[in-house]
Amino acid sequence: MKKNILMLAIVVTFSLSLFGETRKSLFLYDMDDKEGRLYIQEIRKQFDEKNLAFDEIAVESEQVPDLSGYARVLIYGKVMAFNQMSPIRDWLTSSPVPKDQDFYLLLTANRWFLNKYTRQIEGLVVEKGGIVADAVSAATKDLTEQEKKGLVSDLFRNIP
């Protein structure tokens, strides 16, 4: 019986590697701070609910690995208040991106910087040869917790 179960597990694993997605996703974000924590936690929850394996990295403090081993890259980037610092933007500016790498973007900022920030991040992905598979952006000053969670859900609807 154990031998049959083991054999079945091997066949299923092999089949998934041929026909299904077995590579992980990579979740990148600026930093884990109070302003972004709700989004980060909700993104983790959505990955788990979709049964998608993922690695996560705060680009401000950790080295980002080679992206070519990942099925997709999800970026959560933000600009808070009137501070235009963006570790995500800095990382994209200085790092290689595999041609045709799929990116899913969740970008938040105040209403003054949102459009510019969104254009910058999308532009850097495309300039580097990546593909913006989907992007959700929002000015978040007056959003409720439920509306913020809804932004994450909106993005995950289009992640295979």
Side-chain angles (χ1 to χ4, degrees), residues 12-13 15-80 86-92 95-111 113-160:
V12 168
T13 302
S15 298
L16 286 174
S17 69
L18 288 176
F19 304 109
E21 185 57 63
T22 58
R23 293 186 306 156
K24 287 183 176 180
S25 298
L26 180 61
F27 169 34
L28 301 176
Y29 51 92
D30 292 308
M31 63 192 84
D32 188 358
D33 60 3
K34 186 179 83 168
E35 291 81 16
R37 194 153 296 130
L38 177 104
Y39 291 105
I40 293 167
Q41 290 171 343
E42 190 64 21
I43 288 168
R44 289 174 184 148
K45 179 181 163 196
Q46 291 284 334
F47 270 123
D48 289 342
E49 287 178 2
K50 286 191 83 149
N51 292 318
L52 293 172
F54 70 100
D55 293 329
E56 71 175 76
I57 294 177
V59 300
E60 179 187 61
S61 59
E62 299 177 58
Q63 183 70 31
V64 177
D66 176 14
L67 302 181
S68 62
Y70 291 95
R72 68 195 59 78
V73 177
L74 187 147
I75 290 178
Y76 164 54
K78 66 182 178 359
V79 174
M80 296 303 296
S86 172
I88 286 289
R89 182 180 51 227
D90 297 343
W91 170 79
L92 271 171
S95 299
V97 169
K99 184 164 176 44
D100 298 331
Q101 175 74 58
D102 284 338
F103 282 81
Y104 292 81
L105 309 175
L106 174 62
L107 306 172
T108 63
N110 63 42
R111 62 189 170 106
F113 296 122
L114 181 63
N115 289 334
K116 179 180 178 183
Y117 183 60
T118 301
R119 282 192 312 271
Q120 286 175 338
I121 300 301
E122 288 179 344
L124 283 167
V125 168
V126 171
E127 178 184 306
K128 298 282 186 141
I131 297 169
V132 177
D134 196 16
V136 172
S137 62
T140 57
K141 180 178 182 255
D142 296 323
L143 294 182
T144 66
E145 182 175 311
Q146 203 57 34
E147 289 169 324
K148 291 175 181 180
K149 288 179 178 182
L151 293 174
V152 176
S153 293
D154 288 346
L155 184 63
F156 270 83
R157 277 191 198 101
N158 294 318
I159 295 178

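Atom set for the values below is all heavy atoms of this structure, side chains included, hydrogens, waters and symmetry mates excluded. Every value quoted in this text rests on a predicted model; they were computed, and no experiment measured them.
- Two rings, from Tyr104 and Phe156, have their centers 6.0 Å or more apart.
- Side-chain contact between Met31 and Pro87 is present, with heavy atoms from C-beta onward closer than 4.5 Å.
- There is no side-chain donor-acceptor pair under 3.5 Å between Asp102 and Tyr70.
- Exactly one residue among Phe47, Tyr39, Phe27 makes a ring pair (Phe, Tyr, Trp, His ring centres under 6.0 Å) with Tyr76. That residue is Tyr39.
- Under the 3.5 Å distance criterion, with hydrogens and angles disregarded, a donor-acceptor pair is assigned to the side chains of Gln46 and Ser153.
- Atom-to-atom distance recorded for Lys116:NZ and Leu114:CG is 12.5 Å, nearest 0.5 angstrom.
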Discussion item. Using the rule given for side chain to side chain contact (heavy atoms under 4.5 Å, CB included), can you reason through Val97 versus Leu92, listing the C-alpha separation, both sets of side-chain angles and the distance that settles it, and then say yes or no?
Written reply: CA-CA 8 Å; Val97 169; Leu92 271 171; 4.3 Å; yes
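- A salt bridge links Lys78 with Asp33; the closest basic N to acidic carboxylate O contact falls under 4.0 Å.
- With respect to the salt-bridge test (charged N to carboxylate O, under 4.0 angstrom), the residues Glu42 and Lys148 do not qualify.
- Between Arg157 and Asp154, some side-chain heavy-atom pair lies under the 4.5 Å cut-off.
- A distance of 12.5 Å separates CG in Leu52 from CZ in Arg23, rounded to the nearest 0.5 Å.
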Item to complete: Assess whether side chain to side chain contact (heavy atoms under 4.5 Å, CB included) is satisfied between Gln41 and Lys45, documenting all intermediate values.
Response: CA-CA 6 Å; Gln41 290 171 343; Lys45 179 181 163 196; over 6 Å; no
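- Note that CG of Asp32 and CZ of Arg37 are 4.5 Å apart. Values are rounded to the nearest 0.5 Å.
- For the pair Leu106/Ile75, no side-chain contact is recorded, criterion being any heavy-atom separation below 4.5 Å from C-beta on.
- Here the CH2-CD distance, from Trp91 to Glu62, works out to 13.0 Å after rounding to the nearest 0.5 Å.
- Proximity of Val59 to Tyr29: side-chain heavy atoms (C-beta onward) are nowhere separated by under 4.5 Å.
- More than 12 heavy atoms of other residues, nucleotides or ligands lie within 6.0 Å of CD in Glu49, so this atom counts as buried by the packing criterion.
- To the nearest 0.5 angstrom, Arg72 atom CZ is 12.5 Å from Asp134 atom CG.
- If you take CG on Asp100 and OG on Ser68, they are separated by 13.0 Å, rounding to the nearest 0.5 Å.
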Worksheet item: What do the steps show when you test Phe103 against Leu124 for side chain to side chain contact (heavy atoms under 4.5 Å, CB included), and what is the final call?
Response: CA-CA 11 Å; Phe103 282 81; Leu124 283 167; over 6 Å; no
Practice prompt. Evaluate side chain to side chain contact (heavy atoms under 4.5 Å, CB included) for Ser95 paired with Val64, printing each intermediate quantity in order.
Written response: CA-CA 9 Å; Ser95 299; Val64 177; 5.8 Å; no
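- In this structure, the side chain of Lys50 engages the main chain of Ile159 through a donor-acceptor pair within 3.5 Å.
- Taking both residues in full, the closest heavy atoms of Gly77 and Asp30 are given as CA-OD2, 3.5 Å, listed atom of the first, atom of the second, then distance.
- Of all heavy-atom pairs spanning Gln63 and Ile57, the tightest one is O-CD1, 3.6 Å.
- Within the 4.5 Å cutoff, side-chain heavy atoms of Phe54 are placed close to those of Asp48.
- Using a 4.5 Å heavy-atom threshold, the side chains of Leu74 and Leu26 count as separate.
- For the residue pair Glu122 and Leu105, the shortest heavy atom distance occurs at CG-CD1, 3.7 Å.
- A distance-only check finds a donor-acceptor pair linking the side chain of Asn110 to the backbone of Phe113 [under 3.5 Å].
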